[in-house]
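Contents: one structure, followed by commentary.
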Amino acid sequence: MDARRKLAITRGIAGLTLLFFRPYHRMLSPMADSFYHPRPRVRFAPSPTGFLHVGSARTFIFNWLYARHHGGTMILRLDDTDVERNTQASLDSIFEGLKWLNLGWDEEYKQSERLELHRKIAWSIFEKGLAYRDFTPAHAGDAEKSGVQGTWLFHAGARELAREESDRRAAAGEPFALRFRVPRPAGPEAGETGVRGGPPPSPARDAAEGAVRFAPGKLCVHFTDAVYGEQVKATDDIEDFALLRSDGMPTYHLASCADDADLRISHVIRGQDHLTNTFKHVLIFEAAGFTPPQFAHLPLLVAPDGTKLSKRRHGPVVSVTTYRDAGFLPEALINFLCLLGWSPKNDREHMSLEELKDAFSLAGINRSNAVVNFKEASAGSLESASQAEVIPSTGAAGERKPLPAGTEIFDPKALWLNAEDIRGLAVEDLSARLLPIMRAAGYRVSPEKMLQITPLVRERIKLLRDVLTAADFFFVVQLPPYDPAELIPQKGDTAMALKVLQKAQTILSTVEFRHDPLDRALRAAAPELGVKTGQMFQPIRVAVCGRKNAPPLFETLVVLGRDTCMERVAQAMKTLERPWA
RNA sequence: GGCGCUAUCGUCUAGGGGUUAGGACGGAAGAUUCUCAAUCUUCAAACCCGGGUUCGAUUCCCGGUAGCGCUACCA
């Protein structure tokens, strides 16, 4: 931990003690304090403009963990103020993903149902003179901006427009956007709340003195991030951002802050892509008369190529439902995601939800982006990805249904964690999860048989879906064709294979079909034939399973039953005798 | 372009003014087993670069570089 970080934490503690000297009325006000939260209120606020990807899922998880760790409240808020881009499919994808994660939340809101509140707050800021109408048509700033060096600040003439003139044009029905009047150092602007000097920065000071302070020659906005520490930005680098669009809809910044204040959110835990937006948010909170919440920004999740996760570039590997459909256990995905950008700092990695909840703290969060080490999409899927661009998407948020086959596209650590969790499941539990997968693939399978097979595949699958390739031979009537050469044992030949299978046939026809008798009889046959045990077992295994790599032989034979085994051995002998047929 | 954030094995990370820089996944080798898997053992693998500060920097400071983010009437 570096000095800066230590400082921030120490200050947090100092702030806590400070609290007890606070006036009582301040403790009762809705946003009384940004650090003293016996019962924190946190929110996950996705906007339904795309499917739920793993980065969003991690944000949800961290918020949830923080709330549960401290006995607080988890809130789901749909930030759906961008009517143009919202889709029902995206909304469905978000709920589908969150439902599968199975963590739950305590309260739920939709921004589109709270527009009155947003507007009320926007106009209250306007009434204080801290916002103004901008009649410049939308996007007119682009041309102006392109040639300009540095940050674009505001449209010429808009900010200075007299109130009477502004009111007159608005009354005449001229469209306008409402912009925040970011305090500027030069000129007697209204609403400057800065103070000079004072104690060192801290959440306590941010709350007590206001975030806008004078520095030599400029005005600066301050806030203290629980992860990134003290943040300062000159107002000269913050443009007069919009609060209300010309259609009257609130912008993200306004709606988010208004709701965070109204819902008494104590901690805003979100992606680092909002770190620089936070200066604007702090400004809004202050202008509206609210104390800002405590902010904690999370390092971003990026693809192996270093770019941020996106469906278009990286395909379905970034969608939570892809993990579900591939046979991840939700607890494994959660565990994996927690390890990206956060560490319990004690070398523990495979952890239960309960353990994660106990161990979680904002102090364990890193500051650098983490790579989700999935394999880049193959040429084929890239093709379909570019097709998906031209064809208007109709599926769930544009997700492509066909799943990339196999386990090789996922981060190996996620797979390992999933395999660990699968092995940790009780046989009955695992079996119950495997059953619907087999059935969905068209196999007729009884719960009893599934229960018999589960222990045989448990240590051989990394994803639930792997059961389809690991256990298929238990269910098929006819084994899919395999290379007859597989039947020939190591350092053996066709003759040896035939000899073994012949012997096996006679043994299988009479022996009691239980593990121990089978083991004894078949093992004893090897020396009789003058072959090694391995040479004895391989042809039989391949004959009944249709492949070299399979679960232990005797257990497999028992599950398959005498008839199927006999039939398959006979079949194998036939193909060996007539390999060309 | 402006502003901001970040930089330890391939990946996720621990650590920190003096260490054999630790763990995990993945990789390699071996043990074990009827194959595979699981399990166990072992091995390879990292402090972005340049300046300072210091007896001593991978760690602290500055600069560079690179990556990422923001710079919308998107979120």
Side-chain angles (χ1 to χ4, degrees), chain A residues 1-3 45-50 79-82 84-85 134 136-142 145-152 175-179 225 228 231-234 236-239 241-253 255-256 271-280 297 299-300 302 304 306-308 336 339-350 366-373 411-417 419 423 457-462 470 490 519 522-523 526 532-538 540-542 545 547-554:
Chain A
M1 186 183 302
D2 69 12
S47 58
T49 55
D79 281 11
D80 55 349
T81 55
D82 186 357
E84 307 270 298
R85 298 200 308 153
D134 184 352
T136 315
H139 302 298
D142 292 356
K145 210 155 66 180
S146 57
V148 165
Q149 303 275 38
T151 307
W152 169 87
F176 60 86
L178 194 69
R179 283 187 186 280
D225 189 90
Y228 288 90
Q231 302 293 313
V232 185
K233 190 166 189 158
D236 285 347
D237 295 317
I238 305 172
E239 76 284 0
F241 52 92
L243 259 18
L244 252 28
R245 298 180 246 229
S246 48
D247 62 1
M249 286 295 283
T251 62
Y252 159 75
H253 299 300
S256 175
Q272 192 240 48
D273 45 348
H274 286 300
L275 188 63
T276 45
N277 284 335
T278 306
F279 294 103
K280 293 172 189 168
H297 286 90
L300 260 24
V302 298
T307 62
K308 75 172 183 184
F336 170 66
L339 263 17
L340 298 173
W342 173 80
S343 160
K345 310 214 185 279
N346 58 185
D347 287 344
R348 294 271 286 120
E349 300 222 310
H350 183 207
N366 304 128
R367 299 203 201 91
S368 48
N369 293 172
V371 174
V372 184
N373 200 14
D411 188 307
K413 196 152 205 168
L415 289 169
W416 171 72
L417 249 10
R423 276 176 240 128
V457 298
R458 185 150 80 146
E459 278 156 11
R460 272 161 264 266
I461 58 176
K462 287 186 157 71
Q490 281 282 301
D519 188 338
L522 290 169
R523 204 176 287 276
K532 295 206 171 102
T533 340
Q535 291 174 316
M536 179 76 202
F537 294 165
Q538 186 187 324
I540 304 174
R541 172 178 298 109
V542 174
C545 302
R547 72 180 72 135
K548 278 181 178 169
N549 302 338
L553 187 56
F554 312 118

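All values derive from a computational prediction rather than experimental measurement. Each chain gets a letter, A, B and so on, in the order the sequences are listed, and its residues count up from 1.
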Indicate, with a heavy-atom threshold strictly under 4.0 Å, whether [X] touches base, sugar-phosphate, or nothing.
X	value
His350(A)	nothing
Gln538(A)	nothing
Ala550(A)	base
Pro551(A)	base
Thr49(A)	nothing
Pro46(A)	nothing
Asp347(A)	base
Gly271(A)	nothing
His297(A)	nothing
Leu553(A)	base

What integer distance in Å separates [X]:[atom1] from [N]:[atom2]?
X	N	atom1	atom2	value
Lys308(A)	rG69(B)	NZ	C1'	8 Å
Arg348(A)	rC25(B)	CZ	C1'	16 Å
Arg85(A)	rC73(B)	CZ	P	14 Å
Lys280(A)	rC3(B)	NZ	P	16 Å
Asn373(A)	rA24(B)	CG	C1'	14 Å
Asp273(A)	rA75(B)	CG	C1'	9 Å
Phe241(A)	rC3(B)	CZ	P	20 Å
Asn277(A)	rC5(B)	CG	P	14 Å

What distance do [X] atom [atom1] and [Y] atom [atom2] have between them, rounded to the nearest 0.5 Å?
X	Y	atom1	atom2	answer
Phe537(A)	Ile540(A)	CZ	CD1	7.0 Å
Arg423(A)	Arg460(A)	CZ	CZ	11.0 Å
Ile238(A)	Asn277(A)	CD1	CG	10.5 Å
Asn369(A)	Gln272(A)	CG	CD	6.0 Å
Leu417(A)	Asp411(A)	CG	CG	9.5 Å

For a quick test of reading the model: is some side-chain N or O of [X] closer than 4.0 Å to OP1 or OP2 of [N]?
X	N	answer
Arg367(A)	rU6(B)	yes
Lys345(A)	rA14(B)	yes
Arg179(A)	rC73(B)	yes
Thr81(A)	rA75(B)	yes
Arg523(A)	rC34(B)	yes

Return the nearest nucleotide to the side chain of [X]; candidates are [options].
X	options	answer
Asn366(A)	rU11(B), rU13(B), rU6(B)	rU13(B)
Lys413(A)	rC3(B), rG22(B), rC12(B)	rC12(B)
Thr276(A)	rC34(B), rC70(B), rC74(B)	rC70(B)
Thr151(A)	rC74(B), rC36(B), rG2(B)	rG2(B)
Arg460(A)	rC36(B), rC5(B), rA75(B)	rC36(B)
Ser343(A)	rU35(B), rC73(B), rA14(B)	rA14(B)
Val371(A)	rU39(B), rU11(B), rU35(B)	rU11(B)
Ala177(A)	rG4(B), rA75(B), rC73(B)	rC73(B)
Glu239(A)	rA75(B), rC68(B), rU71(B)	rU71(B)
Pro412(A)	rG26(B), rC73(B), rC3(B)	rG26(B)

Work out which heavy atom in Gln535(A) is nearest to a heavy atom in Gln490(A); give both atom names and the distance. NE2-O, 2.8 Å
Does any nucleotide pair with [N] by Watson-Crick or G-U wobble geometry, both distances under 3.5 Å, and what is it?
N	answer
rA66(B)	rU6(B)
rA24(B)	rU11(B)
rU54(B)	none
rU59(B)	none
rA45(B)	none
rA38(B)	none
rC73(B)	none

Gap in Å between the two [atom1] atoms, one belonging to [N] and one to [M], rounded:
N	M	atom1	answer
rC49(B)	rA29(B)	P	32 Å
rU53(B)	rG17(B)	C1'	11 Å
rC70(B)	rC62(B)	C1'	25 Å
rC48(B)	rA14(B)	P	14 Å
rC40(B)	rC25(B)	P	9 Å
rC47(B)	rA21(B)	C1'	8 Å
rG63(B)	rA28(B)	P	45 Å
rC43(B)	rC3(B)	C1'	47 Å

Does any N or O donor sit under 3.5 Å from an N or O acceptor when you compare the side chain of Gln231(A) with the base of rG4(B)? no
Which comes earlier along RNA chain B counting from the 5' end, the contact point of Arg423(A) or that of Thr533(A), where each point is its nearest nucleotide? Thr533(A)
Pair Ser368(A), Asn366(A): side-chain N/O donor-acceptor within cut-off below 3.5 Å: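 There is no such pair (donor and acceptor under 3.5 Å, judged by atom type) between the side chains of Ser368(A) and Asn366(A).
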Does the side chain to side chain contact (heavy atoms under 4.5 Å, CB included) test come out yes or no for Arg245(A) and Thr81(A), once each step is laid out? CA-CA 11 Å; Arg245(A) 298 180 246 229; Thr81(A) 55; 3.7 Å; yes
Strictly below 4.0 Å, N to O, side chains only: are Glu239(A) and Arg179(A) in salt-bridge contact? no
